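Presented below is the structure to which this report refers.
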2 protein chains.
Amino acid sequence: MSSSAQKHDVFQAIADPTRREVLRLLAEKERPISEISAHFPISRTAISKHLHILSEAELVSGKKVGREKIYHFQPEPLAKLKQWLSFYEQFWNNKLLKLKHIVEDGDDGLNIVEKGEKSK
Amino acid sequence: MSSSAQKHDVFQAIADPTRREVLRLLAEKERPISEISAHFPISRTAISKHLHILSEAELVSGKKVGREKIYHFQPEPLAKLKQWLSFYEQFWNNKLLKLKHIVEDGDDGLNIVEKGEKSK
DNA sequence: ATTATATAAAACCATTTGGTTTCATGTCAA
DNA sequence: TTGACATGAAACCAAATGGTTTTATATAAT
């Protein structure tokens with residue numbers, strides 16, 4: 001199966017602070033909805049909706065056990081985030097790449113002045 | 001200054017696909033609003049609002065040059081995202097940590113067998 | 001069998017979001 | 001100085017978001 005008609009992706013799923021906290025709780029260990037919602041000032045129903053959204057993004061998955069629904073954390077979608085991030089890591093890890101870009105773009109770079117440097 | 005009363009953080013800022021694309025364009029090189037909006041099917045005003053949000057999250061910054069406003073990419077806030085992500089990397093990079101958790105939680109772990117590993 | 005528990009589902013609501021259109025303003029060019 | 005251009009700002013709008021309350025259903029416990 002693995003429905004690709006997902007309305008919520010990982011970027012949206014982690015945008016909400018409550019959902020991030022839910023994720024952290026589930027990363028620790030799997031828990032039923034009521035246990036999760038006990039950690040928050042909002043209603044159980046609200047938490048249930050958040051779990052639904054996390055579930056759409058495949059960051060969590062729930063299995064019904066007796067009358068409880070036990071949710072557990074699924075890290076896979078975060079790889080996509082990591083991948084997205086990796087593109088931008090150049091910009092803060094490797095300052096030399098800035099120069100490289102300037103060269104490749106055909107800019108002669110003569111008047112480029114880095115922060116705190118004098119231009120002449 | 002550096003107002004800390006920011007309504008939008010980096011998590012929310014990158015939740016929107018259009019904003020992610022704007023970021024990518026600005027990571028390539030700095031550009032005025034009109035040039036950015038030329039890449040999208042939506043109005044210049046809409047793009048301007050997205051830039052405002054990215055700016056609140058300090059992912060971009062704009063300087064006025066003549067009648068144009070030139071925006072450029074600022075990678076710093078992404079470090080926060082990277083930091084957030086790093087916590088979860090254990091879960092897909094380092095499978096052994098699973099065992100560690102089991103041990104620390106007091107679970108005897110006797111019948112736990114990792115994928116593809118021999119139990120002894 | 002009855003009651004309490006755990007969740008699901010639906011209706012509802014205020015605010016935010018992502019977009020639009022319209023109007024105003026500052027700057028460059030002729 | 002008169003347009004044209006680039007942006008800003010405001011009013012407006014539909015849909016999505018994040019919450020609520022109410023009602024229903026399945027399971028567990030007594």
Side-chain angles (χ1 to χ4, degrees), chain A residues 3 5-26 29-74 77, chain B residues 1 3 5-26 29-73 77:
Chain A
S3 69
Q6 47 186 101
K7 200 169 68 181
H8 293 98
D9 64 7
V10 66
F11 291 95
Q12 270 186 260
I14 66 163
D16 184 90
T18 300
R19 270 180 324 251
R20 288 199 299 278
E21 185 58 24
V22 168
L23 262 201
R24 174 151 260 124
L25 287 170
L26 291 179
K29 65 175 183 191
E30 59 176 28
R31 309 172 191 254
I33 299 183
S34 51
E35 185 184 329
I36 299 169
S37 68
H39 288 77
F40 298 89
I42 63 182
S43 72
R44 196 224 78 224
T45 310
I47 294 296
S48 188
K49 283 187 183 179
H50 281 306
L51 285 166
H52 226 281
I53 288 170
L54 288 169
S55 176
E56 265 190 271
E58 300 188 74
L59 280 165
V60 306
S61 175
K63 58 188 171 193
K64 216 171 60 182
V65 174
R67 56 184 163 181
E68 296 188 323
K69 186 148 181 190
I70 314 284
Y71 277 93
H72 66 272
F73 172 55
Q74 294 183 150
Chain B
M1 287 266 166
S3 69
Q6 46 186 103
K7 199 168 67 180
H8 293 100
D9 63 8
V10 66
F11 290 94
Q12 270 186 258
I14 66 163
D16 184 88
T18 300
R19 267 176 331 247
R20 288 199 299 278
E21 186 57 26
V22 168
L23 263 201
R24 174 151 262 122
L25 287 171
L26 291 178
K29 65 175 183 191
E30 59 177 27
R31 308 173 192 254
I33 299 184
S34 51
E35 184 184 328
I36 299 169
S37 67
H39 288 79
F40 299 90
I42 63 182
S43 72
R44 194 224 77 226
T45 311
I47 295 297
S48 187
K49 284 187 184 178
H50 281 306
L51 285 167
H52 225 282
I53 289 170
L54 288 169
S55 175
E56 264 189 272
E58 300 188 75
L59 280 165
V60 306
S61 176
K63 58 186 171 194
K64 217 172 59 184
V65 175
R67 56 182 163 182
E68 297 188 324
K69 185 148 183 190
I70 314 284
Y71 276 94
H72 66 270
F73 172 55

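What you see is a predicted model, and the numbers here were worked out from it, not measured in a lab. So you know, we letter chains A, B, ... as the sequences are listed, proteins then strands, and number each from 1.
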Check your understanding: Rounded to whole angstroms, how far apart are CD on B/Glu35 and C1' on D/dT7?
Key -> 15 Å
Exercise for review: Write down the distance between CD (B/Glu21) and C1' (C/dG18), rounded to a whole number of angstrom.
Suggested key: 17 Å
Revision key, fill the gap. By nearest-heavy-atom nucleotide on DNA chain D, the more 5' of B/Ile33 and A/Ala46 is B/Ile33
Check your understanding: Which whole-number value in Å describes the distance from B/Ile42 CD1 to C/dG18 P?
Key -> 10 Å
Review point. Taking only N and O in the side chain of B/Ser48, is any of them less than 4.0 Å away from OP1 or OP2 of D/dG8?
Key: yes
Exercise for review: Check whether the side chain of A/Arg67 and the base of D/dA29 form a donor-acceptor pair under 3.5 Å.
Suggested key: no
Exercise for review: Ignoring the backbone of A/Lys49, work out which of D/dG19, C/dT7, D/dT7 is nearest its side chain.
Suggested key: D/dG19
Review point. Of B/Thr45 and B/Arg19, whose nearest nucleotide on DNA chain C comes first from the 5' end?
Key: B/Arg19
**Study point:** Chi angles and distances behind the side chain to side chain contact (heavy atoms under 4.5 Å, CB included) call for A/Leu25, A/Phe40
**Key:** CA-CA 11 Å; A/Leu25 287 170; A/Phe40 298 89; 3.8 Å; yes
**Study point:** A/Arg20 and B/Asp9 ion-paired at < 4.0 Å
**Key:** yes
Point to revise | Side-chain heavy-atom pair B/Arg31, B/Leu26 within 4.5 angstrom cut-off | key: yes
Point to revise | Per B/Arg44 side chain, nearest of listed nucleotides D/dT7, D/dT20, C/dT20 | key: D/dT7
Check your understanding: Hey, is the side chain of B/His8 poking within less than 4.0 Å of OP1 or OP2 on C/dT16, counting only N and O atoms?
Key -> no
Exercise for review: Output yes when at least one side-chain N/O atom of B/His52 is less than 4.0 Å from OP1 or OP2 of D/dA9, else no.
Suggested key: no
Revision key, fill the gap. Separation of C/dA9 atom C1' from A/Leu51 atom CG, nearest Å, is 16 Å
Point to revise | Whole-Å distance separating the CD1 atom of B/Ile36 from the P atom of D/dA6 | key: 13 Å
Review point. Distance check: side-chain N/O of B/Gln12 vs OP1/OP2 of C/dT17, anything under 4.0 Å?
Key: yes
Review point. Which whole-number value in Å describes the distance from B/Ile70 CD1 to D/dG8 P?
Key: 11 Å
Point to revise | For B/Leu54, the option from B/Asp16, B/Val10, B/Leu59 that meets side-chain contact (heavy atoms from CB on, under 4.5 Å) | key: B/Leu59
Point to revise | Length of the line joining A/Asp16:CG and C/dT17:P, which is rounded to integer Å | key: 11 Å
Exercise for review: Answer yes or no: are there more than 12 heavy-atom neighbours, outside A/His52 itself, under 6.0 Å from its atom NE2?
Suggested key: no
Review point. Roughly how many Å is it from NZ in B/Lys64 to C1' in C/dT27, rounded to a whole number?
Key: 9 Å
Review point. For D/dT20, does OP1 or OP2 lie under 4.0 Å from any side-chain N or O of A/Ser43?
Key: yes
